[in-house]
Participant: 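Take a look at the following structure, please.
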Amino acid sequence: MKYNIEKNIHYLQLLAKSFPNIAAASSEIINLSAIMNLPKGTEHFLADIHGEHEAFLHVLKNASGRISQKVDSIFGEYLPSAAKKELCTLIYYPEQKLELVKADFAQHGDVDEQLEEWYRMTLYQLVSVFRVISSKYTRSKVRKSLPKEYSYILEELLQERSDDDNKTAYVNVIIDTIISTDSADDFIIALANVIQRLAIDQLHLLGDIYDRGPGAHIIMDHLMNYHSWDMQWGNHDILWMGACAGNDACICNVIRLSLRYANLLTLEDGYGINLMPLATFAMETYGDDPCEAFRPILNSENKDRFDEKTLRIMTMMHKAISILQFKAEAQQFRRNPTWHMEDRCMFSRVDFEHGTCDIDGRQYKMLDMHFPTVDPASPETFTKEEELLMQKLHHSFRVSEKLQRHIKTILSHGCMYAIYNNNLLFHASVPLNADGTLREVEIMPGTFCSGKNMMHRIGMMIRSAFTNDTPREEKAYARDYFLYLWCGKDSCLFDKSKMATFERYFIAEKETHEEKKGYFFQLRGNEETAEKMADTILDAFGVEGENRHIINGHVPVHVKKGETPIKGNGKIMVIDGGFSEPYHKETGIAGYTLVYHSREFELVQHEPFTNVDDAVREGRDIKSFTQIVATTGHRILVADTDRGRELKKQVEDLRQLLYAYRHGQINEVK
């Protein structure tokens with residue numbers, strides 16, 4: 001093929017620095033062409049983790065049951081079920097399982113001889129799993145996943161087979177030497193970690209790492225070292241991002257939710273947020289107030305953790321921060337009139353003389369009128385004590401180095417939406433009109449946009465709240481906008497008529513608690529309209545292909561009531577199955593994982609995870625049920641993916657470089 005090199009000559013000269021001659025360019029073309037004919041890597045999609053770190057980490061360790069499937073297919077009837085379960089547990093928790101195995105051998109004598117035989121058998125089994133798991137990747141990619149200190153030996157074990165007569169002695173000597181040099185534990189741990197890593201090629205998190213569960217900070221610590229992941233921000237993540245950026249209403253919401261679910265571990269232990277000033281203020285201000293509506297909600301994990309005195313203090317803190325939140329929110333609603341949220345300035349709707357509140361033109365009796373810090377003449381103004389408290393809380397969030405680091409990681413790995421391999425990923429919704437058309441949303445005063453452009457511009461606005469070169473007024477608005485994303489009617493992370501927090505605390509009538517869902521959720525719930533809606537959104541975001549999907553979470557799927565996560569004739573997949581324990585009774589399950597490998601989509605439905613100790617000692621895995629939800633009709637290769645399209649472009653560029661070398665337009669460096 002003849003190329004017009006002149007228009008790309010500067011780029012090709014830069015490319016020549018990496019591939020300085022014909023041999024180097026040709027080798028890379030061969031390498032990339034070979035990669036494109038490998039099966040695509042396995043993608044895992046999870047949403048709405050909500051701080052449930054043990055369940056989340058276990059799902060990563062067992063690759064949503066994929067590792068167990070591989071072990072079963074490799075060893076079949078060769079190993080009994082109990083032995084396969086033991087092997088899987090070793091892969092998931094190698095350090096803990098090794099301790100138990102050695103302790104068990106120590107109780108039965110002949111420790112050295114029996115343990116050596118166990119090591120030998122186990123290493124052979126792990127190598128077999130390693131070979132199968134790594135078979136869809138290039139040697140280069142596998143090599144990069146290996147720990148440097150053992151990479152050479154692990155590569156040798158991967159490539160050489162003990163059933164090859166010419167190599168049997170060679171492989172046996174490697175295994176025996178690993179054992180004789182007391183390196184078996186380290187090799188087993190290394191192999192287990194590599195198997196875990198290669199079982200998931202790309203992890204997609206569709207929002208809501210934070211709130212409710214105790215370990216969001218632990219999840220973030222793990223993700224900071226995870227090999228390949230991306231994230232679409234959820235409403236609870238945005239709340240914490242806003243708190244980190246210094247939005248006082250977000251700070252109050254974060255603390256209130258933590259107190260509501262009696263979960264202060266992430267705030268205090270994880271991020272070092274000092275809540276002592278809040279506790280002192282609450283006891284001084286609400287010491288004689290029963291605060292009945294503010295008693296924390298306890299789950300099975302923390303119901304025995306707190307004595308009555310501690311619960312009483314948390315109850316008072318809960319009310320104190322809630323009052324502070326309603327004031328802080330009202331102040332932001334007032335200074336941002338284009339949000340049209342002045343009707344959510346709730347204390348201005350309270351008749352303090354008669355103890356009622358005006359909701360949609362009707363007067364409702366207030367359940368609680370003990371508001372010692374609320375001045376009826378100026379109900380949204382902080383007292384001096386509240387102002388000082390807010391300053392202290394604000395400072396604590398802003399100087400938390402670990403929180404700042406985690407939010408920076410979220411910013412670097414995510415945004416409002418993403419498109420991967422013909423799948424559109426976002427957390428909650430795309431605002432729509434009643435007829436299913438895209439809704440124009442005013443994201444800044446006088447700036448209206450919809451769909452893809454809306455989400456992109458919101459993502460850029462969020463980032464501007466954390467950059468030093470953003471003009472002061474723009475940065476102040478961006479910082480406020482976190483609150484709108486959390487509870488605004490047209491927010492793509494909320495998309496409901498209102499957030500009825502005030503009503504749930506202070507008004508008994510349930511009709512005031514209703515949060516009417518936006519048209520995205522209404523249309524999605526009807527099979528006749530869901531597919532058309534999906535096509536409208538996918539077209540607007542430029543997602544092409546026969547097998548294209550919307551994948552999101554946000555609203556738990558009520559499986560026990562017969563609801564299905566697959567909607568719109570398979571074009572919409574809702575994967576919030578309720579990781580968080582408070583949702584288990586609602587949903588009947590404990591979360592979903594969507595797995596997309598080279599042949600099909602599989603929806604994995606998880607039952608509740610007990611704890612790591614049970615998983616290690618008793619080999620208890622999460623019970624999971626797999627449903628095939630979409631098939632491609634053929635095996636998908638790397639060439640069929642986004643990565644494949646990039647590689648094809650690279651190959652074309654390299655062919656142009658070859659042409660330039662062969663026609664003397666660029667000189668080779670031998």
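Counting begins at 1 with the first residue of the sequence. Note: hydrogens, waters and symmetry copies are ignored here, and every other heavy atom, side chains too, is used.
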Participant: Holding to salt bridge (Lys or Arg N to Asp or Glu O under 4.0 Å), I want the full list of residues that pass it with D653, two or more places apart in sequence or in another chain.
Facilitator: none
Participant: Using the ring-ring contact (aromatic ring centres under 6.0 Å, His included) criterion, which residues pair with Y119? Sequence neighbours excluded.
Facilitator: none
Participant: Can you tell if the side chain of I9 reaches within under 4.5 Å of the side chain of I666, non-hydrogen atoms only?
Facilitator: yes
Participant: Between W240 and Y210, is there a donor-acceptor pair closer than 3.5 Å when you use the side chain of the first and the backbone of the second?
Facilitator: no
Participant: Please check this pair: side chain of S26 against backbone of A23, looking for a donor-acceptor N/O pair closer than 3.5 Å.
Facilitator: no
Participant: Under the side chain to side chain contact (heavy atoms under 4.5 Å, CB included) test against P147, which residue among L191, L154, N193 passes?
Facilitator: L154
Participant: Does anything in residues 219-239 form a salt bridge (Lys or Arg N to Asp or Glu O under 4.0 Å)? List the pairs, not counting sequence neighbours.
Facilitator: D221-K402
Participant: For Y150, what residues pass the ring-ring contact (aromatic ring centres under 6.0 Å, His included) criterion, not counting sequence neighbours?
Facilitator: F187
Participant: Is a side-chain donor-acceptor pair under 3.5 Å present for N423 with H549?
Facilitator: yes
Participant: Is the NZ or CZ atom of K144 positioned over Y137's six-membered ring, under 6.0 angstrom from the centre and within 45° of the axis?
Facilitator: no
Participant: Give every residue pair that meets the salt bridge (Lys or Arg N to Asp or Glu O under 4.0 Å) criterion with at least one member in residues 13-29, sequence neighbours excluded.
Facilitator: none
Participant: Among residues two or more places apart or on two chains, list those pairs meeting salt bridge (Lys or Arg N to Asp or Glu O under 4.0 Å) that have a residue in residues 183-201.
Facilitator: K102-D185, K141-D201
Participant: Verify, without hydrogens or angle tests, whether N422 (side chain) and V543 (backbone) share a donor-acceptor contact under 3.5 angstrom.
Facilitator: no
Participant: Are the charged groups of D539 and R548 less than 4.0 angstrom apart, N to O?
Facilitator: yes
Participant: Rounded at 0.5 Å granularity, tell me how far CG in D48 sits from CG in D208.
Facilitator: 5.0 Å
Participant: Under a 4.0 Å N-O cut-off, is there an ion pair linking E646 with K649?
Facilitator: no
Participant: Ignoring hydrogens and angles, tell me if any N or O in the side chain of T593 forms a donor-acceptor pair with the backbone of V604 under 3.5 Å.
Facilitator: no
Participant: Around R655, counting heavy atoms of other residues, nucleotides and ligands shown, do more than 12 lie under 6.0 Å from its CZ?
Facilitator: no
Participant: Going by atom types alone, do E652 and Y3 pair a side-chain donor with an acceptor below 3.5 Å?
Facilitator: yes
Participant: Ignoring hydrogens and angles, tell me if any N or O in the side chain of D495 forms a donor-acceptor pair with the backbone of C492 under 3.5 Å.
Facilitator: no
Participant: Which side-chain hydrogen bond (donor to acceptor under 3.5 Å, both in side chains) pairs, counting each pair once, include a residue from residues 660-669, with sequence neighbours left out?
Facilitator: E668-K670
Participant: Ring centres of H554 and F426 under 6.0 Å apart?
Facilitator: no
Participant: Mark yes or no for whether T467, through its side chain, and S464, through its backbone, hold a donor-acceptor pair below 3.5 Å.
Facilitator: yes
Participant: Return the set of residues passing salt bridge (Lys or Arg N to Asp or Glu O under 4.0 Å) with D642 (not counting sequence neighbours), or none when no residue passes.
Facilitator: R645
Participant: Suppose we call two aromatic rings close when their centres sit under 6.0 Å apart. Are H217 and H406 close by that rule?
Facilitator: no
Participant: Where the side chain of K40 meets the backbone of R643, is there a donor-acceptor pair that is under 3.5 Å apart?
Facilitator: no
Participant: Does a side-chain N-to-carboxylate-O contact under 4.0 Å join K571 and D535?
Facilitator: yes
Participant: With no hydrogens and no angle check, is any side-chain donor or acceptor of S18 less than 3.5 Å from a backbone partner on L14?
Facilitator: no
Participant: Can you give me every donor-acceptor pair (side chain of residues 443-454, partner residue at least two apart or in another chain, under 3.5 Å) with its distance?
Facilitator:
none

Participant: Would you call L15 and Q656 a side-chain contact if the rule is heavy atoms closer than 4.5 Å?
Facilitator: no
Participant: With no hydrogens and no angle check, is any side-chain donor or acceptor of W233 less than 3.5 Å from a backbone partner on L493?
Facilitator: no
Participant: Could you pull out all residues at least two apart from H222 that satisfy ring-ring contact (aromatic ring centres under 6.0 Å, His included)?
Facilitator: Y226
Participant: Surrounding NE2 of H227 (heavy atoms of other residues, nucleotides or ligands, distance under 6.0 Å), is the total greater than 12?
Facilitator: yes
Participant: More than 12 heavy atoms of other residues, nucleotides or ligands under 6.0 Å from CD of E544: yes or no?
Facilitator: no
Participant: Please state whether the rings of Y420 and H204 are parallel, tilted or perpendicular, taking 30° and 60° as the class boundaries.
Facilitator: tilted
Participant: With T437, which residues qualify under side-chain hydrogen bond (donor to acceptor under 3.5 Å, both in side chains), at least two apart?
Facilitator: N433, D435
Participant: Do S68 and Y92 touch side chain to side chain, with heavy atoms closer than 4.5 Å?
Facilitator: yes
Participant: Donor-acceptor check, side chain of Q232 to backbone of A418, threshold 3.5 angstrom: yes or no?
Facilitator: no
Participant: Let's go through N547 and F601 carefully: what are the C-alpha distance in whole Å and the side-chain angles of both, what is the deciding distance for side chain to side chain contact (heavy atoms under 4.5 Å, CB included) to 0.1 Å, and is it a yes or a no?
Facilitator: CA-CA 11 Å; N547 297 299; F601 273 102; over 6 Å; no
Participant: Tell me which pairs pass salt bridge (Lys or Arg N to Asp or Glu O under 4.0 Å) where either residue lies in residues 412-428, with sequence neighbours left out.
Facilitator: none
